[in-house]
Amino acid sequence: MAEIGIYARVSTTDQDPQRQLAELRRFAKDTYAEPDIRSYTDIISGTKLDRGDEYQRLRSDIEDGILDIVIVHELSRLSRLGAGEIHDFLEFCLSHETGIQDLEVGLDQP
């Protein structure tokens, strides 16, 4: 059974992250046999320098070896601060043997 983390971020309280979460959950269930899915959701502008509480919890669970794969709707959900922050997250996942997938461009980093 794969331990899957799904991460969704919206920028304002006017936006609803449920669409992202539903698509991520459906993808995980269609792709992995009996996945154990953990959800992480932040409502925070991607231009903020601080990261959301759920993003920090996601990183902590990766660091603790809890997750096998992280799935995001699109890589920009991880950060609007640019490629550097996204690259850091990808490297962080790799260094902790956690794969990452996105639904937008089909990144599949085992």
Side-chain angles (χ1 to χ4, degrees):
M1 174 172 33
E3 299 290 333
I4 308 293
I6 58 175
Y7 179 73
R9 179 183 59 79
V10 294
S11 300
T12 69
T13 55
D14 294 339
Q15 297 172 313
D16 185 359
Q18 293 309 310
R19 179 190 58 82
Q20 285 180 50
L21 291 171
E23 288 181 24
L24 294 168
R25 198 170 282 110
R26 186 170 40 255
F27 177 82
K29 288 179 179 179
D30 290 347
T31 305
Y32 299 96
E34 300 180 37
D36 181 14
I37 301 171
R38 296 171 185 249
S39 298
Y40 306 82
T41 307
D42 279 315
I43 299 173
I44 185 170
S45 170
T47 61
K48 298 276 187 194
L49 293 179
D50 59 328
R51 303 309 305 153
D53 291 340
E54 289 293 282
Y55 179 83
Q56 297 300 340
R57 187 171 69 92
L58 172 64
R59 287 182 66 102
S60 179
D61 285 354
I62 292 168
E63 191 169 39
D64 291 344
I66 293 172
L67 300 174
D68 298 313
I69 303 283
V70 173
I71 306 171
V72 295
H73 195 269
E74 54 191 76
L75 292 177
S76 67
R77 297 295 87 200
L78 295 168
S79 174
R80 291 276 189 209
L81 297 176
E85 175 71 22
I86 293 169
H87 180 265
D88 288 346
F89 184 80
L90 295 174
E91 287 292 320
F92 182 78
C93 286
L94 287 174
S95 71
H96 291 88
E97 299 181 359
T98 301
I100 184 161
Q101 290 185 304
D102 83 303
L103 304 186
E104 180 186 38
V105 294
L107 171 71
D108 184 1
Q109 184 80 30

Would you confirm whether Q20, through its side chain, and R9, through its main-chain N or O, come within 3.5 Å as a donor-acceptor pair?
-> yes
Only counting residues at least two apart or in another chain, list the ones meeting side chain to side chain contact (heavy atoms under 4.5 Å, CB included) with E91.
-> H87, L94
Could you tell me which residues satisfy side chain to side chain contact (heavy atoms under 4.5 Å, CB included) with D16, sequence neighbours excluded, listed by chain and number?
-> Q18
Using a 4.5 Å cut-off on heavy atoms from C-beta on, say whether the side chain of [Y] contacts that of [X].
X	Y	result
I69	T98	no
Y40	D53	no
T41	Y7	no
D36	I4	no
Q101	V72	no

Got a second to check how far [X]'s [atom1] is from [Y]'s [atom2], nearest 0.5 Å?
X	Y	atom1	atom2	result
Y32	M1	OH	CE	14.5 Å
I66	S60	CD1	OG	7.0 Å
H96	D64	NE2	CG	8.5 Å

Evaluate the criterion side chain to side chain contact (heavy atoms under 4.5 Å, CB included) for residue pair E3 and D61; output intermediate values, then yes/no.
-> CA-CA 11 Å; E3 299 290 333; D61 285 354; over 6 Å; no
The criterion is side chain to side chain donor-acceptor pair (under 3.5 Å); which residues satisfy it with [X], sequence neighbours excluded?
X	value
R57	E54
D68	none
T31	none

Residue pair [X] / [Y]: nearest heavy atoms and the distance that separates them:
X	Y	result
L75	I86	O-CD1, 3.6 Å
Y55	D42	N-OD2, 2.8 Å
I62	C93	CD1-SG, 3.9 Å

Stepwise, does the side chain to side chain contact (heavy atoms under 4.5 Å, CB included) test hold for I6 with I37?
-> CA-CA 7 Å; I6 58 175; I37 301 171; 3.8 Å; yes
Taking the six-membered ring of F92 as reference, does the NZ or CZ atom of R59 fall below 6.0 Å from its centre and within a 45° cone about the axis?
->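 Yes, R59 and F92 form such a contact.
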Report all side-chain donor-acceptor pairs from residues 22-29 shorter than 3.5 Å, counting only partners two or more places apart or in another chain.
unit_1, atom_1, unit_2, atom_2, d
E23, OE1, H73, NE2, 2.6
E23, OE2, R19, NH1, 3.2
R25, NH2, S39, OG, 2.9

